[in-house]
Every structure is written in structure tokens, then in C-alpha cells.
Student: 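Got a structure here, written out as C-alpha cells. Questions coming.
Counting starts at 1 for both ligands and their atoms, following the listed order.
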Amino acid sequence: MNQERHITQVAVPRPLRTLLSYTLSTEQQPAPGTRVLVPFGKQYAVGLVMSTATVATDAADNSFMLKAVETILDATPLADPHLLELLQWAARYYHHPVGEVIFSALPGALRKPKPLSSRLQKWLAAPPTCLAAEPNPDGNERLPNTLLLTDEQQQCLHSIQQWNQQTPRRPILLHGITGSGKTEIYLRLIEPLFTAGKQVLVIVPEIGLTPQLLLRFARFFGDTPMACLHSGLSDGERLKAWLQARSGAARLIIGTRSAIFTPAPHLAMIVIDEEHDASLKQQEGFRYHARDLAIKRAQMLDIPIVMGTATPSLEALYNAQTSRFHYVRLNQRPGTTRKPDLHIQDTRPFELQAGLTPHSLQAIRQTLARGEQAMVFLNRRGFAPTLFCPACGWHASCQHCSANLTWHARRNRLVCHHCGAEQATPLQCPVCKNPKLTTQGQGTERLELTLQTTFPAALVVRIDRDSTSRKGQLEDKLSTVRGNDPLILVGTQMLAKGHDFPNLTLVVILDIDQSLLSTDYRALERLGQLLVQVAGRAGRADKPGRVILQTSQPEHPLLHQLVGQGYTPFARQLLEDRKRWHFPPFGYQALIRASSTASMEKALQFLEHISQRLLTIDSATIQRLGPIPAPLEKRANRYRAQLLLSSQQRAALHAALHQLLQQATTLPGRSGVRWSIDIDPIEFS
Ligand SMILES: Nc1ncnc2c1ncn2[C@@H]1O[C@H](COP(=O)(O)OP(=O)(O)OP(=O)(O)O)[C@@H](O)[C@H]1O
Ligand SMILES: [Zn+2]
């Protein structure tokens with residue numbers, strides 16, 4: 001006998017690769033994007049409705065075996081169909097369980113099997129019309145924007161606007177040197193959209209979301225409601241910002257990586273600031289790239305996407321070369337500001353003091369004497385990366401990782417920068433009892449101390465993760481620097497981008513040798529980007545800037561090219577090398593990582609099984625490199641290994657991975673092994 005049944009497909013936050021089907025009673029009609037409570041095993045789980053259908057069934061049909069949805073949790077769907085489509089696409093592309101993808105896109109407060117409070121429910125359905133912008137600097141009074149765009153900026157803005165009218169629309173790569181005024185371009189692209197009642201999503205890197213940047217947007221857009229999403233928010237704050245975006249009330253949504261999943265019913269443009277930045281890639285769990293998902297989202301919605309950077313990723317440059325992206329340049333800094341003067345300094349002939357050559361020290365001295373600021377950049381926290389015994393050679397290493405412990409002098413602790421483990425500093429060598437332990441190498445803490453000793457009259461300000469961990473500390477330090485008094489700034493990559501310090505005229509960059517010699521094929525690209533970004537902090541106002549790059553590899557040809565000819569020729573050269581080796585963007589990669597608490601052997605063996613299985617799936621188009629131990633062989637008590645897959649054909653690679661996952665439960669040696677797939681990997685540690 002035929003009968004009609006209502007069936008819904010639900011995503012649950014469990015490591016499942018499919019959606020689950022449940023039946024609905026006739027009065028239950030949840031729209032896609034609504035949360036439901038469903039029976040799952042012996043318990044209940046929260047789930048998100050992906051689709052519903054009415055089907056004719058007969059008694060023989062096994063859909064009679066389906067369980068029923070228990071409760072519908074939301075009166076209004078939380079995600080719109082476009083966002084659900086994007087998330088499903090992402091789950092397929094990144095080969096990650098669909099429910100985990102979908103729930104990782106929801107704020108923590110919505111992952112719980114609880115209805116929203118009636119106040120929030122009402123508010124989601126019919127948002128209050130006048131929400132205060134968030135954050136709320138200066139009471140959000142809109143300041144008159146007195147900046148007149150330069151001719152170059154005008155032209156750039158005009159080209160982007162023209163291209164945005166064309167169909168089919170293509171992503172836009174805005175390649176503008178540091179300090180060329182890219183942010184001004186974003187502001188003016190966005191402005192007319194707000195007048196039309198639209199929403200705009202701006203994604204910035206982790207460390208780019210500075211109070212300064214928010215203030216600039218808030219000043220420009222005055223009382224336009226803004227929602228800001230970043231990792232520092234409490235659950236409640238995040239939920240509020242998210243709901244403001246979802247309801248359409250927040251016009252400007254600005255956030256880090258995961259903000260790409262914010263629902264926005266009137267979304268009309270996406271901006272990615274610092275397109276090349278590694279923090280746009282999620283490195284744990286669901287490993288996605290926010291830039292790539294942004295491109296996909298814009299394409300699905302047929303809206304413009306603008307990606308700005310001073311140092312485009314090789315992928316983006318290649319896409320521009322092959323006309324997949326429109327390419328716009330800004331080559332000048334507005335006003336009288338010039339590009340800083342870059343200079344390579346060979347460290348080998350000198351005895352270094354505080355890690356600095358006499359030449360660098362002299363340059364700092366002169367800068368301070370002129371009443372200006374100098375920055376010394378060193379991308380390593382702590383006092384010293386090694387504590388060792390000169391008598392027997394013992395050195396302090398982490399019990400849980402294959403890495404040395406870093407000595408933090410101020411707290412007098414040994415800290416592992418990989419797993420976070422800490423311990424007291426021993427008073428003597430634990431092996432030979434020698435009481436005179438020595439440190440080797442230097443981190444920012446030591447640099448701060450030695451600079452202070454060398455320049456006793458100068459103010460030395462250190463900005464890194466340790467010196468800014470308390471709330472307000474970073475803001476305080478930044479405002480000291482912006483006070484423009486002469487000082488020496490010591491910092492890590494936290495200082496590399498986005499900051500605009502008008503009186504900073506000298507930048508000294510230390511310790512880049514490791515990246516120059518690295519075997520990671522992406523290391524040079526990252527180094528080039530970092531150097532250009534750090535160098536870009538110098539001389540941003542009317543005073544000329546100067547940059548000194550200290551290295552013991554002064555003849556390195558690519559370093560010369562970067563310094564002599566600039567980022568673009570350097571990047572083109574790297575692209576040539578990638579082409580020769582069929583590396584991305586000339587090929588496609590996936591990295592399979594496996595780890596075990598038992599032994600390295602176990603992790604390697606499991607990957608060997610995967611490798612063999614892939615050979616039977618596709619031996620023609622997929623190259624397998626490894627398995628090999630990961631560069632950091634052990635982290636947090638897990639032995640780590642990796643297998644790199646590459647192919648000239650993206651579709652073939654994905655098809656093989658899909659097949660592999662379907663056979664995952666039959667792979668030998670998998671008990672006790674954790675493994676994951678990283679699509680388009682950018683980090684190989
Ligand atoms: N047309 C203009 N006239 C005067 N000043 C300008 C103009 N456009 C931008 N500026 C100023 O130049 C400085 C750099 O601009 P902005 O921060 O937008 O550059 P950017 O390209 O985003 O730099 P970075 O890549 O280094 O972050 C800012 O202080 C900004 O106010
Ligand atoms: Zn450790």
C-alpha cells in the first residue's frame with residue numbers, strides 16, 4: 001500500500017561522511033538550516049536540516065525503519081540555502097565529515113541541543129532596526145573623510161568597479177605595495193553597497209585585526225552597524241555578532257578566517273585583506289582555506305570578491321597571469337612617502353652584539369638621535385631557544401616533543417613552543433650536576449634586554465605573544481609607539497603587517513638564514529612575503545625609511561633578486577621553479593598525516609598501507625612522496641608521519657581520495673592511529 005512520508009536529511013556533528021535521514025510528522029516543516037534534535041544511537045544529538053522531501057513509500061520500503069525527528073529547535077533557519085550549499089561543497093572538497101564542517105561553522109552556543117531564548121528567536125526573525133555598531137569607538141560618529149584618492153588609487157578603484165560590472169565575474173587581485181592605500185580602496189568599494197542596504201564581508205588575517213583597522217572602518221562608516229568576529233570573543237559575544245549578521249542587521253561583517261562562514265542574507269561583496277597570509281588556512285580539524293572558500297562563495301552568489309595584498313601568493317599571481325583573476329596594481333605610496341631603501345648586511349665578518357652588526361647598531365643609534373623610531377624584527381619568542389650544559393653537552397628538550405625547550409628568563413621557565421609544556425629551570429645539569437648551564441641563540445626577550453643595555457637611555461618596547469597576553473597590553477604598547485617618541489621596537493611577526501607607525505624609519509631584520517636554507521618548498525615564498533611586509537613598516541609618513549637585512553647568506557640569488565628587483569620578479573622566479581617540479585599551482589597536492597602514541601613505526605606503517613591502497617586505486621596520475629617522518633617527529637607525545645600526494649589533475653586526486661575514504665574502515669593497521677587529509681597543504685611541519 002502506498003503512503004506519503006515526510007523525510008528530512010540531517011547533518012549531525014559526528015565523524016560521518018553522509019547525511020542522516022529522519023522522518024517528520026505532517027505538522028513539522030523545518031526549513032533547511034533549522035536545528036533539530038534527533039535520536040542518534042542510544043542518545044539524542046543536535047542536527048541541522050539540509051533538505052526535506054515528501055516521498056511515496058510502500059510497506060517494503062526500508063524508510064519505514066527511519067527514526068523520527070524529536071524536536072525542532074529553531075523557528076527561523078540559522079543558515080540560508082547558499083551557505084548550506086557552500087558548506088556541503090567544502091565538506092566534499094576538503095574530504096571532511098559533512099556534519100563536522102557544518103557545525104564548525106556555527107558559533108559554539110548554537111552547537112548545543114538547546115533552542116534559542118525567546119528573545120533571540122524573535123530578534124532573529126525580525127531584527128531591531130537600529131543596532132549599535134560594534135565595536136563602538138568614539139561613539140561612532142562618522143568623521144568626514146578628507147582623504148582625496150591619488151590618481152593611481154582613482155584609476156584602480158575605477159578598474160575594479162568596471163570589472164565588477166562584467167559577466168562572468170572574476171575575482172580581483174589588488175596587488176598594492178605596502179602603504180599604497182589598499183584599505184582606502186576597500187572602503188570606497190564598499191560604501192555604495194551600504195547605501196543600497198547590502199552586506200559586505202571583510203576577512204583579515206589573525207594578526208591583522210587590530211583596533212587600528214577596526215577604528216578606520218568604524219570612522220569611515222560611522223553608525224553603519226558592524227559585526228566583528230574573531231577568536232577573542234566570548235561565546236555570547238560571538239553569538240550576538242553572528243545573529244546580527246544572520247538577521248541582516250549588521251552591514252559590515254569583519255572577521256578572521258572562520259568569519260567566512262557567517263550567514264549574511266544581503267551579502268554583496270567579499271574582501272580578503274592579505275590574501276597570501278597563512279593564517280587564512282585552518283591547520284587543525286577541518287582544514288580549509290578561507291580565501292579559497294571566499295572565492296567559491298562569491299562565485300555561488302555571483303558577487304564581487306576583491307583580494308588585496310602587497311605580496312600575492314604564488315597561486316594568486318599565477319591565476320592573474322592566466323587571467324582567472326583580474327589584476328590591479330598600486331605601485332606608489334600616497335603623498336611624499338617613498339618605498340624604503342633595502343640593504344643586505346653580511347653578518348660573517350663581524351662579532352655580533354645583541355645579535356646585531358656594528359653597522360646595524362650604528363643605524364639604530366643614528367635613528368634615535370634624529371628623534372625617530374627603529375624596529376628590530378626577530379621571529380622567535382623567549383630568551384634563548386636552547387639551554388645546555390657546556391660540560392657534558394646535555395640540553396633541555398621537551399619530554400613530549402622532539403624539540404628543544406625555550407628558556408623564558410622573566411618567568412624563569414622552560415617552555416615548549418610546540419605543545420605548551422612548561423617546567424622550572426634546573427639549577428644544575430641533570431646529567432653531570434654542573435651548576436653552570438648556558439644558553440645559546442636569542443629570542444625577543446634577550447634581544448630586548450641586550451638592546452636596553454646597549455642603549456640605556458632609549459625606551460625599548462617589545463611586542464610579541466608573551467608581552468601582550470593580558471587584555472589591553474597590546475593596545476597600550478601600540479599607542480606608546482604611535483606616540484611617536486624615539487624608541488626601539490622589538491617584535492615578532494605580530495608586527496609584520498597592517499601597522500602604520502609614522503615615526504618608524506628603520507627596520508632591522510635578524511635571523512632569516514633558516515628560511516633561506518629550508519627544504520620546505522614554500523619557505524622562500526613565505527620569507528619573501530615576510531621581508532616585504534616587515535620592510536613595509538619603515539618610512540610610512542614623510543620621512544624616508546631604511547631596512548637592513550642581516551644574513552650569513554648574502555649571496556643567496558633569490559634574496560638578491562628580492563632586494564634588487566622587488567617582490568614580483570622574485571615571485572616569478574619561484575613560479576618558474578614550481579613549474580619545473582610540477583608543484584602548486586602547477587600541480588595539486590594533498591598531505592596525509594598520521595600519528596600514533598606507540599611509535600613512529602606504527603604511523604609510517606599505516607601510511608604505507610594507504611600508499612599501497614592508492615596504488616591500486618590510481619597508479620597512473622598520482623605521485624606518492626613518502627611516507628616519511630614529519631619534520632617535527634614527535635609532538636605532544638604523538639609520533640608523526642606524512643605522505644604527500646600530488647597530481648597534475650585535480651579531479652583525479654580528489655576521486656582517488658574519495659575512494660580511499662570509502663575503504664577507510666578496511667585499511668590495516670589503523671587502530672591507535674589518528675590520521676587526516678590536508679587538501680592544498682601549505683604547512684609541512
Ligand atoms: N589618498 C591618500 N592620501 C593620503 N594618505 C593616504 C591616501 N590613501 C591612503 N593614505 C594613507 O596611507 C597610509 C597607508 O594606507 P593603507 O593602510 O590603506 O595602506 P595598505 O596598502 O593597506 O598598506 P599595508 O599593505 O602596509 O597594510 C595610511 O595612513 C592611509 O591613511
Ligand atoms: Zn612539547
Student: Could you check whether any heavy atom of R333 sits closer than 4.0 Å to an atom of ligand 1, since that is the contact criterion I want to use?
Tutor: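 R333 does not count as a contact of ligand 1 under the 4.0 Å cut-off.
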Student: Evaluate T178 for polar contact with ligand 1, using N/O atom pairs at a separation under 3.5 Å.
Tutor: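 In this structure, T178 places no N or O atom under 3.5 Å from an N or O of ligand 1.
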Student: Return a yes/no value for L147: is any of its N or O atoms, backbone included, closer than 3.5 angstrom to an N or O of ligand 1?
Tutor: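 Not met; the criterion fails.
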Student: Can you confirm, on distance only, whether ligand 1 has an N/O atom lying under 3.5 Å from any N/O atom belonging to G176?
Tutor: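 No.
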Student: Listing by chain and number, what protein N/O/S atoms are under 2.8 Å from the Zn ion (ligand 2)?
Tutor: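 Those protein N, O or S atoms (cut-off: under 2.8 Å from the Zn ion (ligand 2)) are C398 SG, C401 SG, C416 SG, C419 SG.
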Student: In ligand 1, which numbered atoms sit nearer than 4.0 Å to a non-hydrogen atom of E184?
Tutor: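 By the 4.0 Å cutoff, the relevant atoms are 8 (N), 9 (C), 18 (O).
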Student: Under 30°, 30 to 60°, or over 60°: which ring-plane class applies to F194 and F221, parallel, tilted or perpendicular?
Tutor: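 If you compare the ring of F194 with that of F221, the planes turn out perpendicular.
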Student: Charged N to carboxylate O below 4.0 Å: is that the case for E475 and R482?
Tutor: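 No, E475 and R482 are not salt-bridged.
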Student: Of all residues at least two apart in sequence or in a different chain, which pass the salt bridge (charged side-chain N to carboxylate O under 4.0 Å, His left out) check with R446?
Tutor: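 Testing R446 for salt bridge (charged side-chain N to carboxylate O under 4.0 Å, His left out), a comparison that skips the adjacent residues, returns none.
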Student: Between R674 (side chain only) and R593 (backbone N and O only), is there a donor and an acceptor less than 3.5 Å apart?
Tutor: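 Looks like no, no N/O pair under 3.5 Å.
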Student: Answer with side chain, backbone, both or neither: which part of R216 has a heavy atom less than 4.0 angstrom from an atom of ligand 1?
Tutor: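 Near ligand 1, R216 shows its side chain, while the N, CA, C and O stay back.
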Student: Looking at R381 and E445, is any side-chain nitrogen of the basic one under 4.0 Å from a carboxylate oxygen of the acidic one?
Tutor: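 So E445 does not pair with R381 through a salt bridge.
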Student: Please say whether more than 12 non-hydrogen atoms of neighbouring residues, nucleotides or ligands are located less than 6.0 Å from CZ in R465.
Tutor: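 At most 12 heavy atoms, drawn from other residues, nucleotides or ligands, come within 6.0 Å of this atom.
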Student: Would you say the side chain of L562 lies within less than 4.5 Å of the side chain of Q573, judging by non-hydrogen atoms?
Tutor: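 SC-SC contact between Q573 and L562 ruled out.
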Student: With atoms numbered from 1 as shown, which atoms in ligand 1 lie under 4.0 angstrom from a non-hydrogen atom of R537?
Tutor: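 Going through ligand 1 atom by atom, the ones under 4.0 Å from R537 are 26 (O).
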Student: Is the ring centre of W675 less than 6.0 Å from the ring centre of F606?
Tutor: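 Yes, they do, as the ring centres are separated by less than 6.0 Å.
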Student: List ligand 1 atoms under 4.0 Å from T183, heavy atoms only on the residue side.
Tutor: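 By the 4.0 Å cutoff, the relevant atoms are 16 (P), 17 (O), 18 (O), 22 (O).
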Student: Examine the side chains of S258 and Q282 and answer whether a donor and an acceptor come within less than 3.5 Å of each other.
Tutor: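 No pair is found: no donor N or O on one side chain lies under 3.5 Å from an acceptor on the other.
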Student: With a 6.0 Å cut-off on the ring centroids, do H276 and H175 count as close?
Tutor: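 No: the rings miss the under 6.0 Å criterion.
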Student: Please name the pair of heavy atoms, one in W407 and one in N412, separated by the smallest distance, quoted to 0.1 Å.
Tutor: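 What the structure gives for the nearest pair is NE1-OD1, 3.1 Å.
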Student: At a 4.0 Å threshold, what atoms of ligand 1 neighbour a non-hydrogen atom of L149?
Tutor: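 Ligand 1 atoms under the 4.0 Å threshold to L149: 1 (N).
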Student: Give a yes or no on whether a salt bridge exists between R291 and D277, defined as a side-chain N under 4.0 angstrom from a carboxylate O.
Tutor: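 No, no charged N to carboxylate O under 4.0 Å.
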Student: Which of the listed options, Q153, K182, E274, holds the heavy atom that is closest to atom 1 (N) of ligand 1?
Tutor: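 When every heavy atom of Q153, K182, E274 is considered, Q153 comes closest to atom 1 (N) of ligand 1.
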Student: Show which atoms of ligand 1 fall inside a sub-4.0 Å distance from at least one heavy-atom site of T150.
Tutor: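 Reading through ligand 1 atom by atom, the close ones are 1 (N).
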Student: Quick check on G536 - does any of its heavy atoms sit under 4.0 Å from an atom of ligand 1?
Tutor: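 For ligand 1, residue contact (heavy atoms, under 4.0 Å) with G536 is absent.
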Student: With nothing but distance in play, are any N or O atoms of P334 less than 3.5 Å from an N or O of ligand 1?
Tutor: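 In fact, backbone or side chain, P334 has no N or O that close.
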Student: Near L148, which atoms of ligand 1 are under 4.0 Å from a heavy atom of that residue?
Tutor: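 Atoms satisfying the 4.0 Å criterion: 1 (N), 2 (C), 3 (N).
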Student: Run K281 and E275 through salt bridge (Lys or Arg N to Asp or Glu O under 4.0 Å) and show every step you take.
Tutor: CA-CA 11 Å; K281 173 93 193 251; E275 161 282 326; over 6 Å; no
